[in-house]
Amino acid sequence: MIVLKKILAALGHPLRYNPSPADLRSHAVTMLKACRVGTVMIDEIHDISRDSRMSSKIVNFLVFMKNLINDTGRPFVVGGTQVVLDMIASEDQVAGRLNTVVKLKPFTLAEFVPILLAFERMLPLRRQSRFRENETLIQLAYTLTQGYVGRLNYLLEDACKIAIDTGEERISTSTIDRVKDRSIVSVGRRVA
């Protein structure tokens, strides 16, 4: 239920009442489709494994994830530790739906580019940034983030704000140049 509430909050469509689990699920699936969400990303999924007494709850959560992927028809990307990868691998139905493993380490440039292109499709901008056509922009984003997805998220968030504020409505090398001094200098920390 918490995952669905967070998804709805992120979409800007939370339910203002205490819904039944079925209503919450139905509303989340409807809004994921209505908002044309391309990919659902869930980070820190390893938090579900903190308590060893929760093994049945973990299995229930993985089944919930499998069904949610089926209901939405959207790809899901989950981030977590090796423990979570092992748990997912132990459930054939879930592993089949989350079949690409992305380890929590800095990505090489070759690994980073598809992630950057996936982020580009989700940017709230009116114009395409066209990362694919701009190797300088790709290299700049990679250098500033050092291949970490969390850093990329913050960099693109800051760049989107600049792009919207200036009316450019796309990310370019000049947009990145304006925010590069605000990029993350260590994992999990931002420079204001």
Side-chain angles (χ1 to χ4, degrees), residues 3 6-14 28-45 65 68-80 85 96-192:
V3 170
K6 288 187 176 194
I7 288 171
L8 289 170
L11 292 173
H13 292 280
V29 169
T30 299
M31 294 316 302
L32 283 166
K33 290 177 180 179
C35 293
R36 296 181 173 196
V37 171
T39 303
V40 177
M41 300 179 78
I42 302 174
D43 197 9
E44 308 281 339
I45 199 168
M65 287 287 296
L68 189 60
I69 293 167
N70 288 345
D71 292 347
T72 63
R74 304 297 190 263
F76 277 57
V77 175
V78 297
L85 295 176
R97 286 162 181 81
L98 299 171
N99 58 1
T100 301
V101 174
V102 178
K103 301 213 180 208
L104 297 178
K105 63 177 179 61
F107 292 101
T108 65
L109 181 58
E111 295 167 330
F112 181 80
V113 170
I115 295 167
L116 178 62
L117 298 177
F119 266 93
E120 181 181 17
R121 289 191 296 271
M122 297 182 288
L123 297 177
L125 301 172
R126 291 191 174 115
R127 297 175 60 203
Q128 290 183 344
S129 299
R130 302 192 187 276
F131 287 112
R132 184 181 305 275
E133 300 165 12
N134 191 335
E135 288 184 39
T136 304
L137 186 56
I138 290 170
Q139 187 61 53
L140 184 58
Y142 181 73
T143 300
L144 290 172
T145 63
Q146 298 176 339
Y148 284 98
V149 173
R151 294 178 185 182
L152 176 62
N153 183 56
Y154 285 120
L155 179 71
L156 293 177
E157 180 181 327
D158 287 346
C160 281
K161 288 176 185 173
I162 295 293
I164 291 167
D165 289 346
T166 63
E168 188 176 4
E169 289 291 338
R170 70 183 182 93
I171 294 175
S172 63
T173 51
S174 64
T175 312
I176 297 292
D177 282 339
R178 289 184 207 138
V179 299
K180 70 180 180 184
D181 294 332
R182 299 186 326 199
S183 66
I184 302 168
V185 293
S186 65
V187 176
R189 300 196 187 275
R190 292 178 74 172
V191 175

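Quick caveat, the model's predicted, so the values are computed rather than measured.
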side-chain hydrogen bond (donor to acceptor under 3.5 Å, both in side chains) partners of [X], counting only residues at least two apart:
{"X": "E168", "result": "S172, T175"}
{"X": "E169", "result": "none"}
{"X": "T136", "result": "none"}
{"X": "R126", "result": "none"}

Which heavy atom of [X] sits nearest to which heavy atom of [Y], and what is that distance?
{"X": "L155", "Y": "A141", "answer": "CD2-CA, 4.1 Å"}
{"X": "I176", "Y": "A159", "answer": "CD1-CB, 4.0 Å"}
{"X": "F112", "Y": "I138", "answer": "CE2-O, 4.3 Å"}
{"X": "S129", "Y": "L137", "answer": "O-CD2, 4.3 Å"}
{"X": "P124", "Y": "I164", "answer": "O-CD1, 3.9 Å"}

Within the 4.5 Å heavy-atom criterion, are [X] and [Y] side-chain neighbours or not?
{"X": "D177", "Y": "L140", "result": "yes"}
{"X": "L152", "Y": "I115", "result": "yes"}
{"X": "Q146", "Y": "P106", "result": "no"}

Quick one: [atom1] on [X] to [atom2] on [Y], what's the gap to the nearest 0.5 Å?
{"X": "T173", "Y": "R178", "atom1": "OG1", "atom2": "CZ", "answer": "9.5 Å"}
{"X": "L117", "Y": "R132", "atom1": "CG", "atom2": "CZ", "answer": "4.5 Å"}
{"X": "L125", "Y": "L156", "atom1": "CG", "atom2": "CG", "answer": "9.5 Å"}
{"X": "I7", "Y": "M31", "atom1": "CD1", "atom2": "CE", "answer": "12.5 Å"}
{"X": "T145", "Y": "L116", "atom1": "OG1", "atom2": "CG", "answer": "8.5 Å"}

Counterpart residues, side-chain contact (heavy atoms from CB on, under 4.5 Å), relative to K33 (two or more places apart): V29, R74

What do the steps show when you test L144 against V179 for side chain to side chain contact (heavy atoms under 4.5 Å, CB included), and what is the final call? CA-CA 10 Å; L144 290 172; V179 299; over 6 Å; no

Taking only residues two or more places apart in sequence, or in another chain, which ones meet F119 in a ring-ring contact (aromatic ring centres under 6.0 Å, His included)? none

Side chain to side chain contact (heavy atoms under 4.5 Å, CB included) between T30 and H13, worked out: CA-CA 11 Å; T30 299; H13 292 280; over 6 Å; no

So, Y142 side chain and F107 main chain: donor-acceptor pair closer than 3.5 Å or not? yes

With a 3.5 Å distance limit and no angle check, can you tell me whether Q128 reaches the backbone of R170 through a side-chain donor-acceptor pair?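 Checked: no pair found.
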
Evaluation steps, side chain to side chain contact (heavy atoms under 4.5 Å, CB included), between N153 and V149: CA-CA 6 Å; N153 183 56; V149 173; 5.5 Å; no

